[in-house]
Every structure is written in structure tokens, then in C-alpha cells.
Visitor: 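Below is one structure. I have some questions about it.
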There are 2 protein chains.
Amino acid sequence: MKLTPVMEKYVLHWGEMGSRWGVNRTVAQIHALLYLAGKPLTADEIAETLGVARSNVSTSLKELQSWGLVKLLHVKGDRRDHFEALSDLWDTFFAIAENRKRRELDPTLTVLRECVLDGNEDESGPEVQRRIEAVAKFLERLLSWYDQIRRLPRPALIKLLDLGAKIEKLLGSKS
Amino acid sequence: MKLTPVMEKYVLHWGEMGSRWGVNRTVAQIHALLYLAGKPLTADEIAETLGVARSNVSTSLKELQSWGLVKLLHVKGDRRDHFEALSDLWDTFFAIAENRKRRELDPTLTVLRECVLDGNEDESGPEVQRRIEAVAKFLERLLSWYDQIRRLPRPALIKLLDLGAKIEKLLGSKS
DNA sequence: CTTATCTTTCTGTTAAGACTGAAATATCAG
DNA sequence: CTGATATTTCAGTCTTAACAGAAAGATAAG
């Protein structure tokens, strides 16, 4: 698959952003490529297009699949695996958010709770304990909000987004 | 400054999370330490407490200040600089969000817009252009929402958070 | 069963960036 | 101005993680 200048720019930038977000550059590039391609590609095509080792593509695809961002499928009359990215951006967004939450936020919350529990038999005065509890509470609040928002039907989500700060009026009147 | 077991656990975990989020581990640890300390510390105290080089602390503090997460202040009768973390969690949250947005999302949006503009003289059919535009629009929407939410007065923010999915009802009735 | 094709795992290399310790610079007191 | 103290910059070392290439492992066709 040949990349046009714009496609290349998009793919390269996505890779760059990926590495800032703790995502392997190649993984991000592959995801970008699959998203743009809009049709299933084989691992070989990907490797050739991006100029990376075949083995690297294999590993990256596995990771993308584990994140649920890429699906494996087969094309009739072809033995090779083909790969395709999610096309819906909201699905993509939540897939990423969900994974990051699970890998980063959830463990943090666990540790924070442990810290709160251990607080009693620790010499770090009440002030420190209060601070740690505050962080725990803050994270819990944020996560529980996210969990609820995530389940909203798509139209409600969009409405909420488009409403923006005007939400303030609604809040004021109702609660 | 001596760390109790709980404080150490908190600081170490925060450092660990930092590195996952693309933040230097030491930077994150220092921030955690300052948050827990609740009083201004000197660079030397920090270096000794965390067991890292003094120079490393200097660089990290500079970064934390540039993010607006840590303030420099002086204690009467002491020539040394003292450092203190923001104590309000919402302020901290938005300081971090704001910086990440500026460093990561804004540049991405710029690139996406360039891609859309360059799309005309590019050979990558209309389907690819449509996809890139979709991403640009999605990001724009998200960012504009964030910009508005960020400005909400604290109580409104909390109300919004506590409301969670019940927001759906409000949305349905009003718009 | 055998061969051809495709995929994954493994190991050594390389590159990026964090970190240290030393040297340089700045700031204040006397 | 001089000495003492505090801070920053810099150059080299060390660590970590991405990556390529080779080898091993699957899987399907014939």
C-alpha cells in the first residue's frame, strides 16, 4: 500500500503522539494506517508500507487487538490474517480510555485505598492521612463519573458535549 | 524529612504512574512528596529524602514550576529556595490537564487541520480525507467541551460530577 | 504426511532519555 | 571585594524499551 504525503503526515504524527502517551510508536502508526486504509490489510502490507520489521508488526498488532482497537478477519480465498481498525471514533475513544483507566487509574485507586487503610498504624500524622484520603476521594469521584458517562447512549453523549458550559444553567435550576 | 511506610508507598507509586503517563519518574515523586509534606521543602531536603542527586531535583523542580504544580517561596531568615505543591486537587487536576492539552492535543489538532487543507492536492481519495476530517472534528468537539467545562465555577463542576448519568434525564427534557 | 505459507517468539543491538557528579554560575553576607 | 552558600548547567554513564533478524512454531492444502 502506497502512502500519499497527507497519509504519511497523519501516520507519522500519530506515531509521535503515541509515544508521548506511553504508546509504542509503531503501535500507534499501525493503528493510524489501518484507520486511514479503511480496508483490511495484511501484516506484510503494513510492514512494507511503514518500513518496519515484520516481527515488530506482529507484536504491535497483538497489542492493538488486546486493546480492542483492531479486529482480525479473513478474506475469502486468502489464508493470511487481515486486520482492520475500528471505524467509529467514539468506540475508538472509549476503547482507549477504558484501557488506560484499567492499566493506570484502577491500580492507583487500589494503592490509595491501601494507603488509607494502613494509615492507622503509620506514624504519618492525621494531616498526611487526610491528604491521601482526599486524593482517593477525588479519583473515585472522577472514575465513577466516567463509568456512568461511558454508558450513556451516543445521542445523549453528543448532546452533553454540544451543550458545553450551558450545562451550568440546567444544573442551577434543577438541583 | 523522614518518610513513613505509607508516605513512601504513596510517593513510589506516584512516580511509577508518572512514568506511565510520560512524566519523568523523579518529577512525579517530587510532586507527591511535596503534596504530602504540606509544608515548603528545600531542594536539599527533597534530594536526601528521595535519595536522588541534587541536580536531578533542581531540573525536576523547574519542570514542576513550569507546569504550575509547584510554587517557589522563601522562608524568613533562610536564603534557600523552598518549594510547595498546590494543595487543591481541582487546581492540580486542571494544571496537569491544561499542560497535556497544550503539549499534545493542540499540536495534533494543528496537524489534522493541515492534513485537511492539504487534502485537495493529495492523491488520497475522498474517503481518506473524510476520515481525517472526522478525527479533526471529533478532537475539536472534545477540546471545546473541555475549554468550557474548565471555566465552570467549582460548585457547578462538583454538581455535574455528582449528577453522573442522571444528566441524561435533564438533557432529554430540556433540549 | 509433507510441504508451503504465515505467524510468533526469542536474542542481541541500538537509540532515547534519565540520572549522577563535577564544574560553572549566581547570590548574598560581611 | 571576598568568601560562603545555593543553584544550574553540562558531559558522561547507565537503564530501559523498541526494534531487527533469525529461528521456531503453527496451520492449511495437497
Side-chain angles (χ1 to χ4, degrees), chain A residues 1 11-34 40-67 70-84 100 103-104, chain B residues 1 11-12 14-34 40-67 70-84 103-104:
Chain A
M1 176 156 201
V11 168
L12 291 182
H13 180 78
W14 210 250
E16 214 48 55
M17 277 307 111
S19 45
R20 282 189 187 278
W21 280 79
V23 176
N24 183 296
R25 180 154 36 86
T26 307
V27 171
Q29 283 183 0
I30 293 178
H31 180 248
L33 173 60
L34 288 176
L41 300 180
T42 66
D44 278 312
E45 279 178 291
I46 298 171
E48 201 202 353
T49 307
L50 297 180
V52 298
R54 184 47 236 276
S55 58
N56 199 358
V57 172
S58 174
T59 313
S60 302
L61 282 171
K62 236 176 120 184
E63 180 153 355
L64 284 169
Q65 283 174 275
S66 83
W67 282 53
V70 161
K71 302 285 180 217
L72 185 157
L73 43 83
H74 287 102
V75 171
K76 194 177 124 183
D78 194 335
R79 254 178 72 187
R80 296 171 299 176
D81 293 348
H82 290 244
F83 300 89
E84 187 179 53
R100 293 189 70 93
R103 290 200 321 177
E104 296 159 13
Chain B
M1 176 156 201
V11 168
L12 291 182
W14 210 249
E16 214 49 55
M17 279 305 112
S19 44
R20 281 190 188 278
W21 280 79
V23 176
N24 184 296
R25 179 153 37 88
T26 306
V27 171
Q29 283 183 359
I30 293 178
H31 180 247
L33 173 61
L34 288 177
L41 300 180
T42 65
D44 278 313
E45 279 177 292
I46 296 171
E48 202 201 351
T49 307
L50 298 180
V52 297
R54 180 51 233 276
S55 56
N56 198 359
V57 172
S58 175
T59 313
S60 302
L61 282 171
K62 237 176 120 185
E63 180 154 355
L64 283 168
Q65 284 174 274
S66 83
W67 282 51
V70 161
K71 304 285 179 213
L72 185 156
L73 44 83
H74 286 102
V75 171
K76 192 177 126 185
D78 193 335
R79 257 178 70 188
R80 296 171 299 176
D81 293 347
H82 290 243
F83 300 90
E84 188 179 51
R103 289 202 318 179
E104 296 159 13

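Being a predicted model, the structure only gives us computed values, none of them experimental. Proteins get letters first, then strands, A, B, ... in listed order; numbering begins at 1 in each.
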Visitor: Could you tell me the separation between the CZ atom of B:R25 and the C1' atom of D:dT15, rounded to a whole number of Å?
Guide: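 To the nearest whole Å, that distance equals 9 Å.
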
Visitor: Which residue, A:R79 or A:T59, contacts DNA chain C at a nucleotide closer to its 5' end, judged by nearest heavy atom?
Guide: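 Nearest-nucleotide comparison on DNA chain C picks A:R79.
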
Visitor: A:T49 side chain to A:M1 main-chain N or O, any donor-acceptor pair under 3.5 Å?
Guide: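 Here the side-chain-to-backbone pair exists.
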
Visitor: Per the atom types in the model, does the base of D:dT5 pair as donor or acceptor with the side chain of B:R80 at under 3.5 Å?
Guide: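 Checked by distance alone, the answer is no.
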
Visitor: Looking at every strand, decide which applies to A:D81 at a 4.0 Å heavy-atom threshold: base, sugar-phosphate, or nothing.
Guide: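 Sugar-phosphate contact only - A:D81 comes under 4.0 Å of backbone atoms but never of a base.
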
Visitor: B:H82 NE2 to D:dT5 C1': how many Å, rounded?
Guide: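 To the nearest whole Å, that distance equals 13 Å.
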
Visitor: Figure out the CZ/P separation between A:R20 and D:dA18, and round it to whole Å.
Guide: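 So the CZ-P distance, A:R20 to D:dA18, works out to 16 Å.
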
Visitor: Less than 4.0 angstrom between a side-chain N/O of B:R54 and OP1 or OP2 of D:dT7, yes or no?
Guide: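 So the side-chain polar atoms of B:R54 do come within 4.0 Å of the phosphate oxygens OP1 or OP2 of D:dT7, strictly under.
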
Visitor: Without decimals, in angstroms, what is the distance between A:N24 CG and C:dG17 C1'?
Guide: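 Value for this atom pair: 16 Å.
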
Visitor: Keeping B:E48 on the side-chain end and B:E45 on the backbone end, is there a donor-acceptor pair under 3.5 Å?
Guide: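 Answer holds: no.
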
Visitor: Contact class for A:T26 (heavy atom, under 4.0 Å): base, sugar-phosphate, or nothing?
Guide: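 It contacts sugar-phosphate atoms only.
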
Visitor: In whole angstrom, what separates B:H74's NE2 from D:dA6's P?
Guide: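 Rounded to the whole Å, the gap is 11 Å.
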
Visitor: Does a side-chain N or O of B:K62 approach OP1 or OP2 of D:dT7 to a distance below 4.0 Å, or not?
Guide: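 Negative; the distance criterion is not met.
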
Visitor: Is there a side-chain polar atom (N or O) of A:S58 under 4.0 Å from OP1 or OP2 of C:dT8?
Guide: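 Answer yes for this pair, as a side-chain N or O of A:S58 is under 4.0 Å from OP1 or OP2.
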
Visitor: What's the shortest heavy-atom distance between B:S60 and B:T26, and which atoms?
Guide: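 That would be OG-CG2, 3.8 Å.
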
Visitor: Between the main-chain N or O of A:R54 and the side-chain N or O of A:S58, is there a donor-acceptor pair closer than 3.5 Å?
Guide: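 Side chain of A:S58 to backbone of A:R54, a donor-acceptor pair under 3.5 Å: no, none is there.
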
Visitor: To the nearest Å, give me how far apart CD1 (B:I46) and C1' (C:dT20) are.
Guide: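 So the CD1-C1' distance, B:I46 to C:dT20, works out to 17 Å.
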
Visitor: Rounded to whole angstrom units, what separation is found between the CG atom of B:L61 and the P atom of C:dA18?
Guide: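 The distance from CG of B:L61 to P of C:dA18 comes to 16 Å, rounded to the nearest Å.
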
Visitor: Without decimals, in angstroms, what is the distance between A:E48 CD and D:dA20 C1'?
Guide: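 Interatomic distance, CD of A:E48 to C1' of D:dA20: 17 Å.
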
Visitor: Is the phosphate of C:dG21, meaning OP1 or OP2, less than 4.0 Å from a side-chain N or O of B:N56?
Guide: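 No, no such contact exists.
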
Visitor: Under 3.5 Å, is there a donor-acceptor pair linking the side chains of B:Q29 and B:W14?
Guide: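 Side chains of B:Q29 and B:W14: no pair found under 3.5 Å.
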
